[in-house]
Amino acid sequence: MNLIEELRWRGMIRDIMPGTEEQLNKEMTTAYIGFDPTAESLHIGSLVPILLLVHLQKAGHKPIALVGGATGMVGDPSGKSEERNLLDEATLNRNIAGVKSQLEKFLDFDLTKPNAAEMANNYDWFKNISFIEFLRDTGKHITVNYMMAKDSVKKRIEGEVGMSYTEFAYQLMQGYDFYWLYQNKNCKLQMGGSDQWGNITTGTELVRRKAGGEAFAFTCPLITKADGGKFGKTEKGNVWLDQSLTTPYQFYQFWLNASDEDAEKWIKIFTFLQKEEIEIILNDHQKDAGQRLLQKRLAEEVTEFVHGKEELGKAIETTHKLFAGQTASAESLSIDDLEGMEGIVKSDFAKDKIESGIDIVSLLADTAIFPSKGEARKMIQGGGVSINRKKVESVQFTVDSGLLLHKKYLLVQKGRRNYYLIKAV
RNA sequence: GGGCAGAUGGCCGAGUGGUUAAAGGCGACAGACUGUAAAUCUGUUCUCUUCGGGGUACGGAGGUUCGAAUCCUUCUCUGCCCA
């Protein structure tokens, strides 16, 4: 399979410009994807474009990861129903640095290779362009009619919130990026999420009109969930690639909890497993779906790719301790088990208060497991709190030293999956 | 600059003087079922609480009224149209 065939099979191609496949077969091609520095870390939504770059590099082509230092100052209207707030400079700089360092982990920058990856920041070329220069040399090549026909613009004009000139001009900036990379880096291909198609084609158009060159593009579909929910969200919000924002355990759990339908699609997109191997996994999974072999393999592969083998090991270990022996009593967990669990929230609590007995509601509020007593009470009444794996039946429940595991610990569950460890000190 | 239409809880959206902490939907959280899924069903969803109740809230500020999300004044913001 060539690159495009493989990506097609994985379900990673949505729109593709004619001639792209031929270009990739013809020669080592330089290609880029832009990442917006809207947050300090990328989240798993950005994983797909990252994987596209990795696939591209594996196939012998040269990837450029572009951080939108300049475009991030303007705000991409694609997929947004409302005008965005502009980020202040300090935030933006922090975000650029964060995003950059993450991207660097996934690509091979070894300069001895002809297809070594490169990083770019479009601020580097935009900072020297004057407004007049931009209008005369770039804006002149693209008609407003053309720009208005883009989905991202059309939706906003037809909607009721409108769109500022700033955001309207965004596609020209992104278009210029492609043009600049074409001229200076011989970059002939841009990839991105399908919401970027409009911005990308403005780029290929600019390359054609301004440089008389030929540029190519393809996009990957936006990742969806079978139940229609947003991909990449959990009860705690976004799933980030930065382990200080989403622990490897939580990251692993996210993939493990995928539905069958989603996991089947995702294992092709988010792992590098070959077709034959995936077919075997799917087959095994169907024999006994309850084992969730598919989800386990998916979670392992993706967690290892993002966080490494060591972190994956810890995540699996914690998972085993918390879930494998659901029937085993909390008392059977050793001190090492309790202390060694990564990814669960730990907090200290005054030992004497527990020894003299404390009502469950106060305990949960004081340890910040719940923000207030009212919420703790509600959750207990709804049957959503367990201590040492036993459901708390009443809000009157009193916690005393008799409940402490190893005379020191309390294992608290909020819902089924959120674990907290209280340590009496 | 002028005219018109708007601004309600995380989002959408009902409500035009009192029983409105505010219908309904979405989202989110929890429970049941299960496979730590999906689908389905049930409950919760401003906030604090000694569970009796308290505090805030319908863009901001003022006013009318016993009583205002609802009426008046004014300001801010948004959209549309005209110049």
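Just so we're clear, the structure is a prediction, and the values are computed from it rather than from any experiment. In the text below, chain A, chain B and the rest are named by the order of the sequence lines, each starting its count at 1.
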Protein-nucleotide distance (A/Leu256, atom CG; B/A38, atom C1'), rounded to Å: 14 Å
For residues 303-311 of chain A, dump all side-chain donor-acceptor pairs below 3.5 Å to protein atoms at least two apart in sequence or in another chain.
residue	atom	partner	partner atom	Å
A/Thr303	OG1	A/Ala299	O	2.6
A/Glu304	OE2	A/Lys309	NZ	3.4

Distance under 6.0 Å and angle within 45° of ring axis: A/Lys346 vs A/Tyr420: no
Who passes side chain to side chain contact (heavy atoms under 4.5 Å, CB included) against A/Asn115, sequence neighbours left out? A/Met28, A/Gln57, A/Lys62, A/Lys113
Using the C1' atom in both, what is the distance from B/G60 to B/C12, to the nearest Å? 24 Å
Return the set of residues passing side chain to side chain contact (heavy atoms under 4.5 Å, CB included) with A/Ile142 (not counting sequence neighbours), or none when no residue passes. A/Tyr146, A/Met147, A/Leu172, A/Thr202, A/Glu205, A/Leu206
Test: A/Arg10 and A/Glu6 ion pair at under 4.0 Å: yes
What residues form a side chain to side chain contact (heavy atoms under 4.5 Å, CB included) with A/Ala31, not counting sequence neighbours? A/Leu56, A/Leu189, A/Met191
With a 4.5 Å heavy-atom cut-off, do A/Val54 and A/Phe272 have their side chains touching? yes
Syn versus anti for B/G52, judged by chi lying within 90° of 0? syn
Hydrogens and angles aside, do A/Trp180 and A/Asn122 bring a side-chain donor and acceptor to less than 3.5 Å of each other? no
Sequence-aligned protein contact record of nucleotides 39-54 of chain B, with B where the base is within under 4.0 Å of a protein heavy atom and S where only the sugar-phosphate is: S----S--SSBSB---
To the nearest angstrom, how far is A/Ile316 atom CD1 from B/U36 atom P? 16 Å
Just grab all the salt bridge (Lys or Arg N to Asp or Glu O under 4.0 Å) pairs involving residues 119-138 of chain A, residues at least two apart or on different chains. none
OP1 or OP2 of B/A37 less than 4.0 angstrom from a side-chain nitrogen or oxygen of A/Arg417, does that happen here? yes
Is there a side chain to side chain contact (heavy atoms under 4.5 Å, CB included) between A/Ser164 and A/Glu167? Walk through the geometry before answering. CA-CA 6 Å; A/Ser164 67; A/Glu167 288 197 3; 3.9 Å; yes
Work out how far the C1' atom of B/C71 is from that of B/G2, and round it to whole angstrom. 27 Å
How would you list all residue pairs meeting salt bridge (Lys or Arg N to Asp or Glu O under 4.0 Å) that involve residues 279-300 of chain A, not counting sequence neighbours? A/Glu277-A/Arg297, A/Asp284-A/Lys287, A/Arg297-A/Glu301
With rounding to the closest Å, how many angstrom separate the C1' atoms on B/U8 and B/G13? 9 Å
Please list, by residue number, the residues of residues 287-312 of chain A whose heavy atoms come closer than 4.0 Å to an atom of RNA chain B; answer none if no residue qualifies. A/Ala289, A/Gly290, A/Arg292, A/Gln295
So which protein N/O to nucleotides 31-34 of chain B N/O distances come out below 3.5 Å?
residue	atom	partner	partner atom	Å
B/G31	O4'	A/Gly382	O	3.4
B/G31	O3'	A/Lys391	NZ	3.4
B/A32	OP1	A/Lys391	NZ	3.3
B/A32	OP2	A/Arg416	NH2	3.2

Stem finding on RNA chain B, please: runs of three or more consecutive Watson-Crick or G-U wobble pairs, both distances under 3.5 Å, sorted by first number. B:1-7 with B:76-82, B:10-12 with B:24-26, B:27-32 with B:40-45, B:46-48 with B:53-55, B:59-63 with B:71-75
Using atom C1' of each nucleotide, how far apart are B/U65 and B/C72 to the nearest Å? 12 Å
Please give, in whole Å, the distance from B/G35 P to A/Gln286 CD? 17 Å
B/A38 phosphate, OP1 or OP2, under 4.0 Å from A/Asn257 side-chain N/O: no
Whole-Å distance separating the CH2 atom of A/Trp255 from the C1' atom of B/U36: 17 Å
Can you check whether A/Phe35 and A/Phe106 have ring centres sitting under 6.0 Å from each other? no
Under 4.0 angstrom, heavy atoms only, what part of the nucleic acid is A/Ala258 near: base, sugar-phosphate, or nothing? sugar-phosphate
Considering only atom P, compute the distance from B/A21 to B/A68 and round it to an integer number of Å. 12 Å
Any idea which of B/G35, B/A30, B/U36 is nearest the A/His285 side chain? B/G35
Sticking with atom P, work out how far B/U56 lies from B/U42, rounded to a whole angstrom. 37 Å
Could I get the full list of side chain to side chain contact (heavy atoms under 4.5 Å, CB included) partners for A/Ala169, not counting sequence neighbours? A/Tyr165
Please measure how far the P atom in B/C48 lies from the corresponding atom in B/G35, and state the result in whole Å. 37 Å
Measure from the side chain of A/Ser259, starting at C-beta and using heavy atoms only, and say which of B/U36, B/A30, B/A37 lies closest. B/A37
Below 3.5 Å, can you tabulate the donor-acceptor pairs from side chains in residues 395-407 of chain A to any protein atom, sequence neighbours excluded?
residue	atom	partner	partner atom	Å
A/Thr398	OG1	A/Gln396	O	3.4
A/Asp400	OD1	A/Gly402	N	3.0
A/His406	NE2	A/Leu333	O	2.7

Rounded to the Å, how far apart are A/Glu264 CD and B/A38 C1'? 13 Å
Quick one: A/Trp266 CH2 to B/A37 C1', roughly how many Å, whole number? 11 Å
Give me the distance, rounded to whole Å, that separates B/G9 from B/C81 when you measure between the C1' atoms they each carry. 32 Å
Min side-chain heavy-atom separation A/Lys154-A/Met148 under 4.5 Å: no
